[in-house]
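These notes are about the structure you will find just below.
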Amino acid sequence: MTTTPETHDVPFDQLPPDERLFRMRHSAAHVLAEAVLEMFPEAKYAIGPPVENGFYYDFDLPRPLTPEDLVALEARMRVSIARDVAIRGEQIPKAQAREIFKDQPYKLELIDGIEDDTVGHFMHGDFEDLCRGGHTERTGQVGAFTLDRVAGAYWRGDEHNAMLQRVYGLLFATEAELEAFKVQRAEAERRDHRRLGRELDLFHLDPISPGSPFYHPKGAVLYNALIDYLRDLYLEYDYSEVITPQLFSTDLWKVSGHYQNFGGDMFLFQPEDEGELGIKPMNCPGHCWLFKSGHYSYRDLPLRLAEFTRLHRNERSGVLHGMTRVRSFAQDDAHIYCTPEQFDTEVARFFEMSKRIYADLGLGDPVIRLATRPEKYIGEIADWDAAEALLGRVINEAGYEYVLAPGEGAFYGPKVEFHMRDALGRSWQLSTIQIDQAMPGRFGLEYIGDDGEAHTPLMLHRAILGSLERFIGVYTEHTAGRFPLWLAPVQAMVIPIADRHVEYAEQIRKTLRARGLRVQVDTSNERMGAKIRNAQLQQVPYMLVVGDREQEANAAAVRDRAGGDLGAMPLDAIMAKLIEERDTRALSHEVAPSA
RNA sequence: GCCGCUGUAGCUCAGUGGCAGAGCAGCUGUUUCGUAAACAGCAGGUCGUGGGUUCAAGUCCCACCGGCGGCUCCA
């Protein structure tokens, strides 16, 4: 969204809605700064932009803000808004701005960073701010807002700088929209994977091993079902699964360059009489080592080495987050070694396979970022340009849109990232494909070409689900725990109405289990209604209720978790239905694709 | 790692200087039931950990550990 320095030539109420909202949020940030400066005259104020769902403003204050302060600040803001004063803007020479903001070090730093000769100067009432503009005409137009929370934020996002206090506000055009957002956020909290993981008995995180999930039996079923699915695809797409060590001499990462760059994020230790060892944080060096141990010709390529073993990274303590940011995880990782001629096809095949997986899982379209050459890079610019162009083209050919992330590529090559949002709207990277122009050379990898000469293979890093932990976290939220039948830890619950039906229920379980279905019998001393409720809450796809009538007819009354009583069906028909749903990996209608 | 908040039963939470509580879950008994919660009883806590203040600390102070929300980082 762009804004021009204020002219107010288009009346505020005639602007497009998203521009109006942007301006409301921006003006509210100014009103917030005004309130903070009233409360703390010695406050230093930094920046205050509009953001998704609202706005924030960063301050350097004499003391930490409390929740009570937010209430008081909000009240002061409402006074300013009730006054409904004009918001005026003008361009002024830098020298004049430096005089106005002479006691505001952050503003002075911003002025120094502006390339023009003049800077924007905005005022309402007694408040003035350095600002590029984009405001409502009056403070009374800012809409419905509430101050949400206070958080720490480094000045200019750099951890070497001062830590400021960031006040976040929520703001929407109307009270109804603000309320709707709060309701939606509360709903999202109910499907938070950390909560569902416990309620559905899938996994939990425990202080005994921070950042390393405990998979309970049901969670392990889900984990393994995903891997089984991927193995099926690997067969179809000609991947070869390997298992490489967990523990390596750090010599390995000295060759790959990871030791120098990321040694601090690895778990390293030094046993007696041995050199330094480390637990692997990624598979690529091990795969290169495996490649190096063999002799390959062009006829053996492409070689697609896949691995599911566990990885460990010593993430900084403050960043751990449920299953989406962990220390111990597995990836659906693979490295593809190929010839230059095979390269385009391999990249295209990755997108084809990704699209297939996203469709099978009902994930909807991800946000795709193409991260290009960073400032520190290796290799030739021409190669980078070619690789970036190729990735862009293949993304489009796969029918996806992408956004450019200039300069965010890895030092060894450009990468494509697929991002999905969790229940709270936070974006997480799942899939990635990276072109590696460094590692094969570092490891001295070679294959014999059809010319009889040794060549360095090209290398691709790729993962589709990404980390299984992160995927399970995001997918649990995406589905609210209503996994499609083929992934559901318990696919059907048999519910005997009275004790005399337990034996028949057990027969059903055995029959279905013999066909590989995951079925349990609820033998608890509860009424049928309670058993149904429990199965519903556990998101079991089907409930098979059995009483006298069903036992008589060799049938069960089928109920699906969407709430429907499907009526009595013969056992054979039930079995066929469940197997069909499993083998086609049918999506439950609750998991319909969504953006 | 940094800023702020936070930690009481398996879970959700009440208790704000004076005898550790509730609901759900669990266990036992009764009940044998037709599509989202039967009834009764019992049990369950070194109040995150370690120091300190106080006649007295779940409650106040300090440190550490974990969690939450951000920031930063993400091979």
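Everything quoted here is computed from the prediction, not taken from an experiment. The sequence lines fix the lettering, A, B, ..., with proteins before strands; numbering per chain opens at 1.
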Tell me whether the side-chain N or O atoms of [X] pair up with the base of [N] as donor and acceptor below 3.5 Å, since no angle test is needed here.
X: A/Tyr56; N: B/G70; result: no
X: A/Arg149; N: B/C5; result: no
X: A/Arg156; N: B/C71; result: no

Hydrogens and angles aside, do A/Thr244 and A/Lys280 bring a side-chain donor and acceptor to less than 3.5 Å of each other?
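A pair is found: one side chain offers a donor N or O, the other an acceptor, under 3.5 Å apart.
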Under 3.5 Å, is there a donor-acceptor pair between the A/Gln434 and A/Tyr412 side chains?
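Looking only at side-chain atoms, A/Tyr412 and A/Gln434 do form a donor-acceptor pair, the distance falling under 3.5 Å.
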Determine the contact category for [X]: base if any of its heavy atoms lies under 4.0 Å from a base atom, sugar-phosphate if only primed atoms, P, OP1 or OP2 are that close, otherwise nothing.
X: A/Lys280; result: nothing
X: A/Arg313; result: base
X: A/Gln165; result: nothing
X: A/Leu537; result: base
X: A/His321; result: sugar-phosphate

For B/A38, the Watson-Crick or wobble counterpart (both distances under 3.5 Å)
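Pairing partner, where one exists within any strand: B/U30.
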So which nucleotide does B/U49 pair with, by the Watson-Crick or G-U wobble rule with both distances under 3.5 Å?
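Looking at the geometry, B/U49 pairs with B/A63.
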Grab the two heavy atoms, one from A/His321 and one from A/Arg194, that are nearest each other, plus how far apart they are.
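Residues A/His321 and A/Arg194, closest heavy atoms: CE1-NH1, 3.2 Å.
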List the atom of A/Leu196, the atom of A/Ala480, and the distance in Å for their closest heavy-atom pair.
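Heavy atoms only, the tightest pair is CD1-C, 3.7 Å.
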Answer yes or no: is there an ion pair linking A/Arg442 with A/Asp436, defined by an N-O contact shorter than 4.0 Å?
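Answer for the salt bridge query: no.
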Can you list, in residue-number order, the parts of residues 244-253 of chain A that come under 4.0 Å of RNA chain B, counting heavy atoms only?
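RNA chain B contact set from residues 244-253 of chain A: none.
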By nearest nucleotide on RNA chain B, pick out whichever of A/Tyr168 and A/Gly567 is the more 5' one.
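Between the two, 5'-proximity favours A/Gly567.
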Between A/Gly157 and A/Pro207, which has a closest nucleotide on RNA chain B that is more 5'?
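The residue closer to the strand's 5' end, by nearest nucleotide, is A/Pro207.
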Would A/Lys254 pass as a cation-pi partner of A/Tyr259, given that its NZ or CZ must be under 6.0 Å from the six-membered ring centre and within 45 degrees of the axis?
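Yes.
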Could you work out which one of [options] sits closest to the side chain of [X]?
X: A/Glu159; options: B/U72, B/G69, B/U35; answer: B/U72
X: A/Pro210; options: B/G4, B/G67, B/C71; answer: B/G67
X: A/Arg533; options: B/A37, B/U72, B/C71; answer: B/A37

Can you sort out the partners of A/Ser328 under side chain to side chain contact (heavy atoms under 4.5 Å, CB included), two or more places apart, ordered by chain and number?
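Only A/Ser212, A/Arg310, A/His312 meet the side chain to side chain contact (heavy atoms under 4.5 Å, CB included) criterion with A/Ser328.
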Given A/Arg373, A/Lys415, A/Arg369, the one that forms salt bridge (charged side-chain N to carboxylate O under 4.0 Å, His left out) with A/Glu408
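With A/Glu408 as partner, A/Arg373, A/Lys415, A/Arg369 yield a single salt bridge (charged side-chain N to carboxylate O under 4.0 Å, His left out), made by A/Arg369.
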With a cut-off of 6.0 Å (strictly less than), are more than 12 heavy atoms of other residues, nucleotides or ligands near CD of A/Glu199?
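Counting other residues, nucleotides and ligands, CD of A/Glu199 exceeds 12 neighbours.
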Under a 4.0 Å heavy-atom criterion, the protein footprint on nucleotides 29-34 of chain B, written with B, S and -, is -BBBBB
